[in-house]
There are 2 protein chains.
Amino acid sequence: MKRSGRRPGNQDTRSSILDSARRTFAEKGYDKASIRAIAAGAGVDPALVHHYFGTKEQLFLAAMNAPINPAEMIPRALAGPRDQAGIRLVRLVLSVWDSPAGAAALAMFRSALSNEWTARLLREFVITQILRRAVADLVLEPAEAPLRSTLVATQIAGLMVARYVLKLEPLAGADAEVLVAAIGPNVQRFLDDPMPEVFKAGS
Amino acid sequence: MKRSGRRPGNQDTRSSILDSARRTFAEKGYDKASIRAIAAGAGVDPALVHHYFGTKEQLFLAAMNAPINPAEMIPRALAGPRDQAGIRLVRLVLSVWDSPAGAAALAMFRSALSNEWTARLLREFVITQILRRAVADLVLEPAEAPLRSTLVATQIAGLMVARYVLKLEPLAGADAEVLVAAIGPNVQRFLDDPMPEVFKAGS
DNA sequence: CGGTGAAATCATCACGTGATGAATTACCAG
DNA sequence: CTGGTAATTCATCACGTGATGATTTCACCG
């Protein structure tokens, strides 16, 4: 009367595990997303998750690898008049995160806020791939690029926290273009506005 | 050969537990801050923590109650010329969080990013005590106050995330006044700048 | 028809968590 | 000196976690 063993049909369980992993990581973060919950979300035994992807870290990396590919969308933010880069940046961020494909990005972000090694992961990813590779190009004075790009990151991260994590109303339910129009110019000013003369005081 | 029972000396263990709780909550967040770790930080048995404060939630609330009292510092942000409120607000935030007393606030913030009920806690606290009670007064047009104040919250939250949670350099190590000068004006613009005409598109 | 390897499940293990109740000790009033 | 009460510790419990190894079943190929 045992019914172990292989189940008929489904040969796409591997990718359905990945889907469930992205969804679960997105709404719970890395720590609180249990392998059991991910397995249940895919209608599958927890051990099977380990069978396909080894450890939990590897599953997380596998879930993040495919959908996060900024190399394709960075040019889209750079193209166009330079004095509207801030607006384009905010619009790009919102369009990515509001789309279903943004679940993976949201997963990584939420995880980075509560877990140490995912935070390191995101930090290095954001710094090397986004800030230094894209935002820094928008800054005229190279010496100011590091601080200016982290200031931009400040506004973008705050938007994501308020809208997607804390869900502060009415901002969380606001139309994307309203936010683009309201926040974009401020991002632009982080890129352009003259820096205070206190600039040399670094660390 | 048992050495249970009461220890000599120390009658201030209760407050030392609270101290350890604030420190631990601040650097780990609500979930990852184990009662065992808090007890160890105070050099005390875990059961004693339950003895003084009942459940973990009650301990968290007790640890947050005392040091978070915005009623005293809100007037400080409101006083002064209205067109520099943004600068004063950023300066106030940084001064609070950079001080050792800011550990409790940091605890609440980090916890709100990873835990559901602490998020609700902070959300309602921030909305009712900070935004509606202070920031909203700075907005000229009352109808715009809700959105404008959450926009301000966006920038403030992003500053805290980047500086204290993700620790993005060079922003994390930057001098406070540099950030005040760079970010304050943008906060001010969230209060003053004309809103886009797309405004009616709410939820 | 058979058999080989992958897919899937079951039954655990070791561990850390929050929490509880009993036992032990120190302090203080009488 | 003697109770009694509060402070502190010990020994657990029940639970959820990530992970492993054995075992069973299916699919496919010859």
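In what follows, chains are A, B, ... by sequence order, proteins preceding strands, each numbered from 1.
- The nucleotide whose nearest atom lies closest to any side-chain atom of A:H50 is, among D:dT9, C:dA19, D:dT20, D:dT20.
- A salt bridge between A:D31 and A:R110 is absent, with no side-chain N of the basic residue lying under 4.0 Å from a carboxylate O of the acidic one.
- What separates CG of B:D31 from P of C:dT17 is a distance of 12 Å, to the nearest Å.
- Atom NE2 in B:H51 sits roughly 8 Å away from atom P in D:dT8 (whole-Å rounding).
- Looking at the side chain of A:D45, the nearest of the listed nucleotides C:dA7, D:dA7, C:dC10 is C:dC10.
- Rounded to the nearest 0.5 Å, atoms CD1 (B:I183) and CG (B:L89) are 11.5 Å apart.
- Counting any heavy atom pair closer than 4.0 Å across all strands shown, B:I35 reaches sugar-phosphate atoms only and no base atom.
- What separates NZ of A:K56 from P of D:dG16 is a distance of 16 Å, to the nearest Å.
- When the C1' atom of C:dG16 is taken as reference, atom NZ of B:K28 falls 13 Å away, rounded to whole Å.
- The side chain of A:A47 lies closest to C:dT9 when the candidates are C:dT9, D:dA7, C:dG21.
- Neither OP1 nor OP2 of C:dA6 sits under 4.0 Å from any side-chain N or O of A:Y52.
- As rounded to whole Å, 16 Å separates atom P of D:dG18 from atom CG of A:L48.
- Between B:S34 and C:dT17 there is a side-chain N or O to OP1 or OP2 distance below 4.0 Å.
- Contact check, A:T13 against C:dA7: no side-chain N or O comes under 4.0 Å of OP1 or OP2.
- Residue A:I38 contributes atom CD1, which lies 17 Å from atom P of D:dG16 at whole-angstrom precision.
- Among the heavy atoms of the strands lying under 4.0 Å from A:A33 are primed sugar atoms or P, OP1, OP2 only; no base atom is included.
- In this structure, A:R163 pairs ionically with A:D98, as a charged nitrogen and a carboxylate oxygen lie closer than 4.0 Å.
- Relative ring orientation between B:Y164 and B:W97 is described as tilted, the plane-to-plane angle lying within the 30° to 60° band.
- Ionic pairing of B:D45 and B:R36 is not present here: no N-O contact between side-chain nitrogen and carboxylate oxygen is shorter than 4.0 angstrom.
- Taking 3.5 Å as the limit, the base of D:dG18 and the side chain of A:R36 contain a donor-acceptor pair of atoms between them.
- Summarising the geometry, the separation between CG on A:D12 and C1' on C:dA8 is reported as 14 Å, rounded to the nearest angstrom.
- Put simply, CZ on A:F53 is 12 Å from P on C:dA7, counting in whole angstrom units.
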